[in-house]
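One structure is given here, and the rest of the page talks about it.
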Amino acid sequence: MATEFISKTKRTHSCGALRASDIGKEVVLFGWVQNRRDHGGLIFIDLRDRDGLTQIVFGPELAAEAHTLAERFRSEWVIGIRGTVRSRGMQWSKKENKEVPATNPNLATGEIEVVVLEATVFNKAQTPPFEISEHTSANEEIRLAHRYLDLRRPTLQRTIMTRSKLNAATRQYFVDNGFLELETPFMGRYTPGGARNFLVPSRLNPGNFYALAESPQLYKQLFMVAGFDKYFQIVKCFRDEDLRLDRQPEFTQIDVEMSFVAQDDIFAVIEGLLKKLWKEVHGIDLPTPFRRMDFDESMARYGNDKPDLRFALEHTQLNDVIAKFGSDGGVGPMWDSVQQKGLVKALVVPAKHALSRSEIDKLEEYVKGMGAGGLARAKLADNGDWTQAPLFKNAKPELKAAILEATGAKNGDLLLFQFGKPSQVHTIMANLRVHLAKKLGLIPEFGTKDGQWNFLWVVNPPLFEYDEDAKTWAAAHHAFTRPMDECLKYLEPESFDPAKVYCYRYDVVLNGFEIGGGSIRLHDPEVQSKVFKAMGISDEDARSKFGFLLDALKYGAPPHGGIALGMDRLAFLITQTESLRDVIPFPKTQKGTDLMTGAPGEVDEKQLRDLYVKSVPPAK
RNA sequence: GGGGGGUUAGUUCAGCUGGUUAGAACGCUGGCCUGUCACGCCAGAGGUCACGGGUUCAAGUCCCGUACCCCUCGCCA
């Protein structure tokens, strides 16, 4: 009967389509039973598909057979109905003390209902482990285990459909602008450096492994060498690193590379794309060009290279102030830190956000969790006294005055300090800043208030960073980034100073999340060789690691550069959801497992033998 | 690898200072109900208190360990 129904009776509308203008039409709807309200006589059912909800009504005298069937309907049964669209009846309003139209303003289809003439059941459903609705409160673990049910919920359906829209708009944008969508291998050769790779054993080549691409970086540069001067791809990438709220082991990038361009050209292309995406999804016009900030400035003021500019709570670096007074300042630990090439930073919490002592103690616990020794503080009393500030007990008044001047702190404000190893001080203060902003209600715990889209380009970072362990200079990002022309002299032997080499690298940041990053590449083999030399990598080393790319650059490589945007992060931010997992249909847990399929799982001994692989579980 | 939070009914949670038969809401099952819309009313079923040890006359509750989930530092060129 069900199969007969579906072959004879074709769907005429989705469950979100019908309006008052359709009244009188005979329609066929298919969908899931969201909800049954059985009045003994009349039965109301909200029928759901991905487009919305439509109220359908079964009356005993209208279609007795369908009504009898509907008495047995339960949540999530899949049914089909044929019926007539009609206006909803009148309803007695106690509030207004008169008859009012029984419309439901919460539904797009709330002006109408479909009175059923014929109904069929395609499938019954077990009672689901959680309610399939907008307002489910089931936790993520149970939802991930039944992801196919979670994906049936309107919220998730909307974000997944938005993602589809982002994909379509992205392709449209690049194609319209003359880009070619080209594909690159997932399985490639392992290249050292960067993220840990997932490895795939080669059956045909015993003992050898493919690496899953952590990005198409090298291939897209080779496309430039080959002359495909505008490339894009929406592509999966794989990185075997620890997961976070905004990191999954497999994720999607919008990968872009262009020839004959300078940094500004790439910015314009990406700003155009983001403008289009925000217009498409939110109907708003993002102001462009985006703000730009030097990497060094971002580190100094915010402690990282992805500052959230929706609020202030900026850092102040106090090294100069502390150094000016030296050991006379009376704050020994800070002076020691400055002498040991450490960093001293302060953050002012304005008086209006008054924090209790126990709240500040909680902040101290929070920063200790990141390895801080403590959280030095000074509460400025209304008379200007420094209270709760043991560190400053012997501090010179002039030093205190200088700190106030540098930070702009006023009576009633709270000063928080970190000092020590620069990278650690930056990280702790950067996280403290965001943590405080959430706690003080300056930004929401997650998501984005409408209109608060703070885009930013972070530009001009140093090319190298010093590797304390290896005692060498290493590429801060990758070795194929072009140094700024005015910095090239610091690669020459007579004025060698890697710390002063800045480069054409850029990150695009939105509300504290890095949504993309790229660089202008090194296409000149001579400069490339100097860069390797600065890192202590010989030509032979470089050749053995990146030989094919270095070769390619010698055969007439055009100047080129590119960027990759994190599609998942973009989707997560644009949909204002809580986590990347909300915009990935089948995401993995923090340990990289799939709670639905049970991946990763064990395999047969024979499968391992075929691959010449032996499994050695960790000793307990 | 480190720090923090969590795990009690199908779901979300409460369960105090260790003390009789572990509760609530929603959901589920049955009944009643012709204008509801997260319908309403009545009744009922539903528990390996994550797992393993330990302390105790007595453990959901205290201690130790393990597993899993979440946030985070490290890591992510």
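Values below: all heavy atoms of this structure, side chains included; hydrogens, waters and symmetry mates excluded. Throughout, protein chains are lettered first and strands after them, A, B, ... in sequence-line order, and every chain is numbered starting at 1.
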Using a cut-off of 4.0 Å on non-hydrogen atoms, how would the nucleic acid contact of [X] be classed: base, sugar-phosphate, or nothing?
X        : value
A/Arg86  : base
A/Thr109 : nothing
A/Glu134 : nothing
A/Lys368 : nothing
A/Ala102 : base

- Quick one: salt bridge (charged side-chain N to carboxylate O under 4.0 Å, His left out) partners of A/Arg50, sequence neighbours excluded? none

Applying ring-ring contact (aromatic ring centres under 6.0 Å, His included), name anything that partners [X], two or more places apart in sequence or on another chain.
X        : value
A/Tyr504 : none
A/His67  : none
A/Trp32  : none
A/Phe251 : none

- Task: Ignoring backbone atoms, establish whether A/Arg581 has a side-chain N or O less than 4.0 Å from OP1 or OP2 of B/rC71.
- Result: yes

- Message: Counting only side-chain nitrogens and oxygens, does A/Thr589 get under 4.0 Å of the OP1 or OP2 atom of B/rC69?
- Response: yes

- Kindly say whether, by distance alone, the side chain of A/Arg36 makes a donor-acceptor pair under 3.5 Å with the base of B/rG27? no

- Message: Is it the case that B/rG35 (base atoms only) and A/Glu113 (side chain only) share a donor and an acceptor within less than 3.5 Å, ignoring hydrogens and angles?
- Response: yes

Which of the following nucleotides, [options], is nearest to the side chain of [X]?
X        : options                : result
A/Leu595 : B/rC69, B/rG35, B/rA38 : B/rC69
A/Leu245 : B/rG27, B/rC71, B/rC37 : B/rC71
A/Glu141 : B/rA38, B/rC68, B/rC70 : B/rC68

- Note on the structure: So side-chain hydrogen bond (donor to acceptor under 3.5 Å, both in side chains) across residues 421-431 of chain A, not counting sequence neighbours, yields A/Lys345-A/His426

Nucleotides 74-76 of chain B: which of its N/O atoms have a protein N/O under 3.5 Å away?
from   : atom 1 : to       : atom 2 : distance (Å)
B/rG74 : N7     : A/Arg244 : NH2    : 2.9
B/rG74 : O6     : A/Asp242 : OD2    : 3.4
B/rG74 : O6     : A/Arg244 : NH1    : 3.0
B/rG74 : O6     : A/Arg244 : NH2    : 3.1
B/rG74 : N1     : A/Asp242 : OD2    : 2.7
B/rC75 : O2'    : A/Glu241 : OE1    : 2.6
B/rC75 : O2     : A/Arg247 : NH2    : 3.2
B/rC75 : N3     : A/Arg247 : NH1    : 3.3
B/rC75 : N3     : A/Arg247 : NH2    : 2.8
B/rC75 : N4     : A/Arg247 : NH1    : 3.2
B/rC76 : O2     : A/Arg247 : NH1    : 3.1
B/rC76 : N3     : A/Arg247 : NH1    : 3.1

- Does the side chain of A/Arg37 pick up a donor-acceptor pair with the side chain of A/Gln55 at under 3.5 Å? yes

Please list each protein N or O that sits under 3.5 Å from an N or O in nucleotides 32-34 of chain B, with the distance.
from   : atom 1 : to      : atom 2 : distance (Å)
B/rC33 : N3     : A/Asp38 : O      : 2.8
B/rC33 : N4     : A/Asp38 : O      : 3.2
B/rU34 : OP2    : A/His39 : O      : 3.1
B/rU34 : OP2    : A/Gly41 : N      : 3.2
B/rU34 : O4'    : A/Leu42 : N      : 3.4
B/rU34 : O4     : A/Glu61 : OE1    : 2.2
B/rU34 : O4     : A/Glu61 : OE2    : 3.4

Whole Å only: how far is the [atom1] atom of [X] from the [atom2] atom of [N]?
X        : N      : atom1 : atom2 : answer
A/Lys588 : B/rC69 : NZ    : C1'   : 16 Å
A/Gln590 : B/rC71 : CD    : P     : 5 Å
A/Lys591 : B/rC71 : NZ    : C1'   : 16 Å
A/Asp150 : B/rC69 : CG    : P     : 16 Å

- Task: Using side chain to side chain donor-acceptor pair (under 3.5 Å) as the criterion, list what pairs up with A/Arg247, not counting sequence neighbours.
- Result: none

- Considering only NZ, NE, NH1 and NH2 on the basic side and carboxylate oxygens on the acidic side, decide whether A/Arg86 and A/Glu111 come within less than 4.0 Å. no

Using a 3.5 Å cut-off and no angle test, enumerate the donor-acceptor pairs between side-chain atoms of residues 511-520 of chain A and protein atoms at least two apart in sequence or in another chain.
from     : atom 1 : to       : atom 2 : distance (Å)
A/Asn511 : OD1    : A/Asn454 : N      : 3.0
A/Asn511 : ND2    : A/Gln452 : O      : 2.9
A/Ser519 : OG     : A/Arg521 : NH1    : 2.6

- Task: Compute the centroid of each ring, for A/Phe209 and then for A/Tyr190, and state whether the two points are separated by less than 6.0 Å.
- Result: no

What N/O pairs connect the protein and nucleotides 9-15 of chain B at under 3.5 Å? Give each pair on its own line.
from   : atom 1 : to       : atom 2 : distance (Å)
B/rG10 : O2'    : A/Pro129 : O      : 3.0
B/rU11 : O4'    : A/Pro129 : O      : 3.4
B/rU12 : OP1    : A/Asn139 : N      : 2.8
B/rU12 : OP1    : A/Asn139 : ND2    : 2.9

Pair up each side-chain donor or acceptor in residues 100-107 of chain A with any protein partner under 3.5 Å, not counting sequence neighbours, and list the distances.
from     : atom 1 : to       : atom 2 : distance (Å)
A/Asn104 : OD1    : A/Asn106 : N      : 2.9
A/Asn104 : OD1    : A/Asn106 : ND2    : 3.4

